[in-house]
Amino acid sequence: MAETKVAPNLTGIEQTKAGQSFTEKLSAEAMEFFCKVAKLPFSQQAVHFLNAYWAEISKEAEFIYVVAWETIKYADMHTKGIQLVYKYDEGNDLDFDVALYFYEQLCKFCEEPKNKNYPVNYPISQPTMLTALKRKQELREKVDVNFDGRVSFLEYLLYQYKEFANPADFCTRSMNHDEHPEIKKARLALEEVNKRIRAYEEEKARLTEESKIPGVKGLGATNMLAQIDSGPLKEQLNYALISAEAAVRTASKKFGGAAYSGTGGDAGAGSSAGAIWWMNRDLEEKKKRYGPQKK
């Protein structure tokens with residue numbers, strides 16, 4: 001018999017006083033849950049946030065995926081000295097100095113003339129330009145919910161969309177809502193695609209470097225490089241993409257927008273709409289880059 005989950009006890013939630021961090025709003029139980037989510041990879045933090053606030057945030061989801069998520073990954077790669085995306089293992093938070101760089105890059109993106117449509121199409125997603133001193137003060141006093149001296153993607157999202165989101169409300173909406181098995185299956189299928197992409201890109205990079213060597217070895221690498229898209233690594237990547245597409249389609253049909261409590265019934269406030277949107281968007285991007293190219 002499935003264990004019936006009890007609704008989270010958020011006693012201890014208090015009204016935030018002016019100037020105080022959001023942390024004063026969280027009970028011990030809520031803080032534990034919040035910290036657990038904040039330790040997930042950036043993408044999974046985003047999914048938790050989108051699930052909780054899909055009704056309010058759905059129109060801004062594209063900005064979160066294309067701009068904010070890409071920028072925070074870039075900032076994390078920058079501080080870790082990683083230049084190639086396929087070598088990057090997704091992080092979960094940034095220290096304050098790197099968070100300053102993240103906000104700087106975010107503001108720079110939104111101010112570039114070629115991105116002029118973003119402020120128009122996603123008005124509440126636009127970052128506010130601040131001095132480094134003021135930004136660090138804001139990070140410390142308002143953004144850093146759990147006082148760990150770091151900024152998670154979840155903390156950024158909650159503060160950016162604070163007109164309708166806050167940590168206590170996020171916990172109230174999110175606690176007691178597990179990931180549905182079919183959605184987990186689809187997420188893991190997409191993670192398998194990531195593994196196949198890494199294997200493919202690593203071999204492609206190796207052959208590219210080897211092809212620069214004079215003589216027979218370089219010619220052999222050049223020949224192998226020309227055939228890489230019909231080789232076993234690309235076949236395995238194609239198969240992973242097909243499997244992921246099937247898993248995402250199944251999850252979308254069965255559980256898109258539905259709540260899941262782990263007990264077989266409707267969990268109420270929880271939603272899977274954000275997860276379904278994110279997986280479909282991620283699949284679309286992967287197919288665009290690595291799927292069969294239209295002739």
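- The aromatic rings of Y122 and F63 sit tilted, their planes meeting at an angle between 30° and 60°.
- With hydrogens and angles ignored, the 3.5 Å screen pairs a side-chain donor or acceptor of E90 with a backbone N or O of S43.
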ring-ring contact (aromatic ring centres under 6.0 Å, His included) assessment of Y65 paired with W278: CA-CA 8 Å; Y65 182 92; W278 190 276; 5.0 Å; yes

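- A donor-acceptor pair under 3.5 Å is formed between the side chain of Q45 and the backbone N or O of N92.
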S243/E192 under side chain to side chain donor-acceptor pair (under 3.5 Å): CA gap, chis, key distance, verdict: CA-CA 9 Å; S243 299; E192 181 63 24; over 6 Å; no

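- Although no hydrogens or angles enter the test, the distance criterion places a donor-acceptor pair under 3.5 Å between the side chain of D144 and the main chain of D148.
- Of the candidates K73, R198, K195, K80, D89 forms a salt bridge (Lys or Arg N to Asp or Glu O under 4.0 Å) with just one, namely R198.
- Between Y53 and F164, the ring-plane angle classifies as tilted under the 30° and 60° cut-offs.
- In terms of modelled atom types and a separation under 3.5 Å, the side chain of T131 and the main chain of K134 share a donor-acceptor contact.
- When D93, L94, I64 are each tested for a side chain to side chain contact (heavy atoms under 4.5 Å, CB included) with F153, only one passes: I64.
- Residues R196 and N238 are not in side-chain contact: their nearest non-hydrogen atoms beyond the backbone lie 4.5 Å or more apart.
- Annotation: side chain of V98 is not in contact with side chain of D76 (no heavy-atom distance under 4.5 Å).
- The structure places CD of E138 at 5.5 Å from CZ of R135, a figure rounded to the nearest 0.5 Å.
- Within the 3.5 Å criterion, the main-chain N or O of S152 finds a donor-acceptor partner in the side chain of E155.
- Under the 3.5 Å distance criterion, the side-chain polar atoms of R173 are matched with a main-chain donor or acceptor of A52.
- Side-chain atoms of Q160 come within 3.5 Å of backbone N or O of Q126 as a donor-acceptor pair.
- Cation-pi geometry between K162 and Y159 is met: under 6.0 angstrom from the ring centre, within 45 degrees of the axis.
- Between atom CD1 of residue I197 and atom NZ of residue K234 there is a gap of 9.5 Å, rounded to the nearest 0.5 Å.
- Counting only N and O atoms by type, the side chains of Y290 and E201 include a donor and acceptor under 3.5 Å apart.
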